Amino acid sequence: MPGIVVQTRLVSGILLKIQILKILGKMGKRDGKINRTVSWDLVLDLPFFRYSCISCHSEGREQGPPGPLRASRPHSRWRLRLPTWYSADWMRVGGLPGDTCASVGQLRGVCTWIVRRVGRMETAPKPGRDIPPKKDKLPTKKKRPRRYWEEETTPTAAAASPGPPPNKKRNRELRPQKPKNTHTPKKSRVSKKPQIVQKPRERRDAEPPRSLSGAQDPFPGPAPVSVEVTQKFRRIDKSKKLPHSKSKTRSRLEVAEAEEEEISVKAARSELLLAEEPGFLEGEDGEDTAKIRQADIVEAVDIASAAKHFDLNLRQFGPYRLNYSQTGRHLAFGGRRGHVAALDWVTKKLMCEINVMEAVRDIRFLHSEALLAVAQNRWLHIYDNQGIELHCIRRCDRVTRLEFLPFHFLLATSSETGFLTYLDVSVGKIVAALNARAGRLDVMTQNPYNAVIHLGHSNGTVSLWSPAMKEPLAKILCHRGGVRAVAVDSTGTYMATSGLDHQLKIFDLRGTFQPLSARTLPQGAGHLAFSQRGLLAAGMGDVVNIWAGQGKASPPSLEKPYLTHRLAGHVHGLQFCPFEDVLGVGHSVGITSMLVPGAAEPNFDGLESNPYRSRKQRQEWEVKALLEKVPAELICLDPRALAEVDVISLEQAKKERIERLGYDPESKAPFQPKPKLKGRSSTASLVKRKRKVMDEEHRDKVRQSLEQQPQKQEKAAKPTGARPSALDRFVR
Amino acid sequence: MKVKMLSRNPDNYVRETKLDLQRVPRNYDPTLHPFEVPREYVRALNATKLERVFAKPFLASLDGHRDGVNCLAKHPKSLATVLSGACDGEVRIWNLTKRNCIRTIQAHEGFVRGICTRFCGSSFFTVGDDKTVKQWKMDGPGFGEEEEPLHTILGKTVYTGIDHHWKEGIFATCGQQVDIWDEQKTSPICSMTWGFDSISSVKFNPIETFLLGSCASDRNIVLYDMRQATPLKKVILDMRTNTICWNPMEAFIFTAANEDYNLYTFDMRALDTPVMVHMDHVSAVLDVDYSPTGKEFVSASFDKSIRIFPVDKSRSREVYHTKRMQHVICVKWTSDSKYIMCGSDEMNIRLWKANASEKLGVLTSREKTAKDYNQKLKEKFQYHPHIKRIARHRHLPKPIYSQIQEQRVMKEARRRKEVNRLKHSKPGSVPIVSEKKKHVVAVVK
């Protein structure tokens, strides 16, 4: 037997023995002798060859063999030119003609070669894959074996006329492959768009590419991604229509949108890699989770988690305020009577403990755990993690509350004198000192989504502040009577307030600032805090209540508390620990660390805030964070506004340009009909053509305005419908 | 009661030994990455500033010529080889990697007017004021041999420019007329004229290789087809065009360097309106050369500076100048599209980076990703006024700066007059002529 016999197992599990008869082309020789080096290459490459199927067509399919293939005679040599390196399925069992048949292929563009099947091919036993081949095989057993090329020419006819089939027929065969086909463009569109889960039935209808072996890809197409998860990562609002713009701009916008979608799909896919699952607490049927005590939880959970529940008994130095660092690893607390301490609360290693010999109003970590800001009776002091006083900032006096904006490196302080002061801690400069003109300020919180400071006032309003503006960005009337506490959740969507009227309200911060839900508490909450996953904790006297919502993005429902806990003393400070299911409560007789399953985000991002970071990593992060410190002027209600088109100044510039030039360079010139080159072009006909175009334009305008009218009417109708009527309460 | 607390195993988050890499788990949830846009903006701002900090485009100056450098030619096969002809008839061949001159030839008496290499790189042609065309071997003469041209053609008139066909042994010269020569013959295959003025340059189209373009001092640009013996068409501009250069990627596009300080990019199918008018120079533009990508070109001007223009923008993206560089006569963009060479009046050839802040040499993969990321950021925020201002700012020598101010005033006055005329005349009687159409006088076929 001339040539070389190669035995290989294909990806589909078929053992294949083929004989390489001849190698033509660049490296082979015409006379049929095989160049040794080339054949060695072939052996090496065979298991991997990516092959376009010469035919992926079983019987009964209308589609003929693909265009480039020309089957001249069955049971003889047929030649093919392979358009793409695609799959190796053509060598399936029974798919190849009998032993006598040889085929010509190209291997990686190196050379043309002729192959003949020699050995018996067998399929490796694979459970679950038997069905499709059987389907194909059964009829073949009963009937005379039919080959795919028999559709175009019957074997007798082919034997009679060995030449290639007439051109006409070939053209017809080619047609289904052309993009004119209705099926292909649809497919291509699907492939461009993000592969969001669709019903599998649709897929099946779209004729999944079937291999010659009959084996079907059990998971055709790219891996599915759920719609909700992609929605989370979406930045562009798809519901907004693209503006009518020039084709170039439009195509660019479309490209940007497609890219955006692709990115969101990729990000959604990466969800799969997240290692941790959030915690939860579920009562057995009918059991109220609020009745579960901390001791029960501690008993039920593992030792490492149980160690996170602890009480610090500090009776001497009076009610405590506390603060966790950005990573959630460190805890600082300060007592009314001057006791200040910072510790790594996980290992319980004390970093420093001092007495500042002055009343401590509030305490806060700066960007890292190495710096600590303490609002003392008179001035604001900054300590390092050894307890050494680094700065005394006298321009911030009689400070009541502190907030640190980590991405802007701003320390916001509210004072008894009614000033809201922003201190840039990276350069030590006061960026803005704003007079709120509302008396003593002792209720303050930040919106972590947009770095806007929320101040609660004694007249029941909450005002929103940015250092760029002298006036508040918004004022919301929340309560009758003063506001006692304010908290904003991590997505910046919900604000919880409690007032002297014993009400606890949740507001929507997206646009309208409307209350979503309200509830009267017997005592009224003095302290509020949101967790990373949207749990709301309220401190009322010596009781802490925690409410939970349906999911991460929904507001907490105030009907039934998720957990309650009674403390030894009155609550004075509350904070959920980031990345741990722990709520820290400072009260009059010390500190309590409560376990709240499901409070924290389970998967942290190592480049943002890593609880396990080393010293080197922290230093590296510090440099990076300082390099991308966001300027204070960029604080506004919508932090994404910077990425949007500045329409106002754009229109202004356009207007100025028109004024300067004396005409609008972008205006469309009026239509001027061209005189005909052939035949008559009378004035009348010219006018007629001009008129026709003008009329058409006019009609377009009318059509557009008609289309817009119903939308306007709808818009106009909505507010009247939404306005509550006195009779609404009778509607059930 | 069913309870699960979040409990992480520190071993999954901390590296085992000091030799390991630090573990960095990622979570792309947008709530964990707040202020995405402002932070990206700050990064883009920093990247733009750094780009300006690292913008050091000047690489080397090749000195050795004893008179102004009049023409430059690239070697078609070797990136490191450059040929230059000077005003004293001397031709030098340079090695760019070593930055030295490897060969000197006294080629002509008087100016070397034009120089071009053969497409195979084995020889090159020069034309000079002594009415000769000479062909030289690229390699130097052997030991004991004399430096002699391979062929010399004696003409009747002075030749002012030469260009070689991109695929065949044919070259074209210009002077009183455009001559097309076979390398083997001593008389031209054909000569073409249209008008009577002297022609300053002739260029073969690199894609449609039988097309030629030339520009003459009677303000016109003439296009020829080598297959027919007559010119195709010509366009007459306001002022004289010094040279043209064909776009190496788009066969129909060419750019003309004009005396009226502007460059005009034409589509040869529609010569009545230039595709783009490029203005930024404050004196006559003497030479132009395309980057091999066909996206940008570089122009040399009498105002002692060279500028880089994107093909589709009317303003330049970059301007290069030094204190010592005088009127720049010739400019070339190297074939790897990374460097620019310019020859100037004060006898030097200067080598510049095409991208001023590019880091030369091999980049590590981290450097590469950082570069790509910064590039994308700069692109995304390029229209923000603060970033735009920093990215656009260039220091200019005082003469150029004051010239720009002066010309701005002149232009403004002209525009104002036009607007006033438009305002105070019958509507429609004063046509609005766009800047593009203003400079084209006529197209003749």
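All figures in this text were calculated on a predicted structure; none of them were measured in a lab. A, B, ... follow the sequence lines: proteins, then strands. Residue 1 opens every chain.
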Next item on the list: Considering only heavy atoms and a distance below 4.5 Å, find which of B:Asn46, B:Leu45, B:Asp29, B:Leu422 pairs most often with chain A.
Entry: B:Asp29
Next item on the list: Measure the acute angle between the ring planes of A:Phe409 and A:His367, then classify it against the limits of 30° and 60° as parallel, tilted or perpendicular.
Entry: tilted
Notebook entry, point to check: Given a strict heavy-atom distance threshold of 4.5 Å, which part of B:Val37 is in contact with chain A: side chain, backbone, both, or neither?
Noted result: both
Margin query: Looking at every heavy atom in both A:Asn450 and A:Cys636, which two are closest together, and how far apart are they?
Written below: CB-O, 3.4 Å
Check: Between A:Pro602 and chain B, which part of the residue has a heavy atom less than 4.5 Å away: side chain, backbone, both or neither?
Finding: both
Checklist line | Under 3.5 Å donor-acceptor, A:His408 side chain and A:Lys629 backbone | finding: no
Margin query: Just verifying a value: how many Å separate A:Glu282 CD and B:Met1 CE, rounded to the nearest 0.5 Å?
Written below: 11.5 Å
Check: Do B:Asn27 side-chain atoms and A:Phe604 backbone N/O form a donor-acceptor pair below 3.5 Å?
Finding: no
Next item on the list: For A:Glu620 and B:Gln22, run side chain to side chain contact (heavy atoms under 4.5 Å, CB included): C-alpha distance rounded to whole Å, both residues' side-chain angles, the deciding distance at 0.1 Å, then the answer.
Entry: CA-CA 12 Å; A:Glu620 195 88 346; B:Gln22 297 282 7; over 6 Å; no
Margin query: Between the side chains of B:Arg39 and A:Glu608, is the shortest nitrogen-to-carboxylate-oxygen separation below 4.0 Å, so that they form an ion pair?
Written below: yes
Check: Which answer fits A:Ala643, side chain, backbone, both or neither, if we ask what part of it has an atom under 4.5 Å from a heavy atom of chain B?
Finding: both
Item checked: A:Glu277, part contacting chain B, at a heavy-atom distance under 4.5 Å -> both
Next item on the list: Look at A:Ile292, A:Val301, A:Thr491, A:Leu607 and state which one has the largest set of heavy-atom pairs under 4.5 Å with chain B.
Entry: A:Leu607
Check: What part of B:Asn420 is in contact with chain A, defined as an atom under 4.5 angstrom from a non-hydrogen atom: side chain, backbone, both or neither?
Finding: neither
Margin query: Given heavy-atom pairs under 4.5 angstrom as the criterion, report whether the side chain, backbone, both or neither of A:Leu661 touches chain B.
Written below: both
Check: Are B:Glu358 and B:Lys371 ion-paired here, with the side-chain N under 4.0 Å from a carboxylate O?
Finding: no
Checklist line | Under 3.5 Å donor-acceptor, B:Asp260 side chain and B:Asp238 backbone | finding: no
Check: So which part of A:Leu634 gets closer than 4.5 Å to some heavy atom of chain B, the side chain, the backbone, both or neither?
Finding: side chain
Check: For B:Arg23 and A:Tyr612, what are the C-alpha separation, side-chain angles and deciding distance, and is it a side chain to side chain donor-acceptor pair (under 3.5 Å)?
Finding: CA-CA 9 Å; B:Arg23 287 189 184 165; A:Tyr612 297 97; over 6 Å; no
Margin query: Less than 3.5 Å apart, any donor N or O on the side chain of A:Ser609 or A:Thr327 sitting next to an acceptor on the other?
Written below: no
Check: Can you tell me how far the CZ atom of B:Phe309 sits from the CE atom of B:Met276, to the nearest 0.5 Å?
Finding: 11.5 Å
Next item on the list: Identify which part of A:Glu628 has an atom lying under 4.5 Å from any heavy atom of chain B, answering side chain, backbone, both or neither.
Entry: both
Check: Would a distance-only check, ignoring hydrogens and angles, find a side-chain to backbone donor-acceptor pair under 3.5 Å from A:Arg329 to A:Pro611?
Finding: yes
Item checked: Per-residue contact mode, A:Asp302 against chain B (heavy atom under 4.5 angstrom) -> side chain
Notebook entry, point to check: For A:Ser614, is it the side chain, the backbone, both or neither that has a heavy atom under 4.5 Å from a heavy atom of chain B?
Noted result: side chain
Next item on the list: Go through the atoms of A:Asn610 and report whether side chain, backbone, both or neither lie under 4.5 Å from a heavy atom of chain B.
Entry: side chain
Notebook entry, point to check: B:Leu32 versus chain A, heavy atoms under 4.5 Å apart: side chain, backbone, both or neither?
Noted result: both
Next item on the list: Determine, for B:Arg394 against B:Glu318, whether the closest basic-nitrogen to carboxylate-oxygen distance falls under 4.0 angstrom.
Entry: yes
Item checked: Under 4.5 Å from a heavy atom of chain B, the part of A:Glu601 involved -> both
Item checked: Euclidean distance, B:Ile253 CD1 relative to B:Met268 CE, rounded to 0.5 Å -> 10.0 Å
Checklist line | Region of A:Ala451 in contact with chain B, defined by heavy-atom distances below 4.5 Å | finding: both
Margin query: Classify the ring geometry of A:Phe407 against B:Phe35: parallel below 30°, tilted from 30° to 60°, perpendicular beyond 60°.
Written below: tilted
Notebook entry, point to check: For A:Tyr449, is it the side chain, the backbone, both, or neither that has a heavy atom closer than 4.5 Å to a heavy atom of chain B?
Noted result: backbone
Note to self: Ignoring hydrogens and geometry beyond distance, is a side-chain donor-acceptor pair present between B:Tyr41 and B:His384 at under 3.5 Å?
What the structure shows: no
Notebook entry, point to check: At a heavy-atom separation under 4.5 Å, does A:Lys616 approach chain B through its side chain, its backbone, both, or neither?
Noted result: neither
Check: If contact means a heavy atom pair closer than 4.5 Å, which residues of residues 3-17 of chain B contact chain A?
Finding: B:Val3, B:Lys4, B:Met5, B:Leu6, B:Ser7, B:Arg8, B:Pro10, B:Tyr13, B:Val14
Checklist line | Neighbourhood of chain A inside residues 412-419 of chain B, taking heavy atoms under 4.5 Å as contact | finding: B:Arg415, B:Val419
Next item on the list: Would you please test A:Glu228 and A:Lys232 for salt bridge (Lys or Arg N to Asp or Glu O under 4.0 Å) and show each step?
Entry: CA-CA 6 Å; A:Glu228 296 99 61; A:Lys232 191 171 84 176; over 6 Å; no
Notebook entry, point to check: Roughly how far apart are B:Lys49 NZ and B:Ile387 CD1, rounded to 0.5 Å?
Noted result: 9.0 Å
Notebook entry, point to check: Which atoms of A:Arg660 come close to chain B, meaning under 4.5 Å heavy atom to heavy atom: side chain ones, backbone ones, both, or neither?
Noted result: both
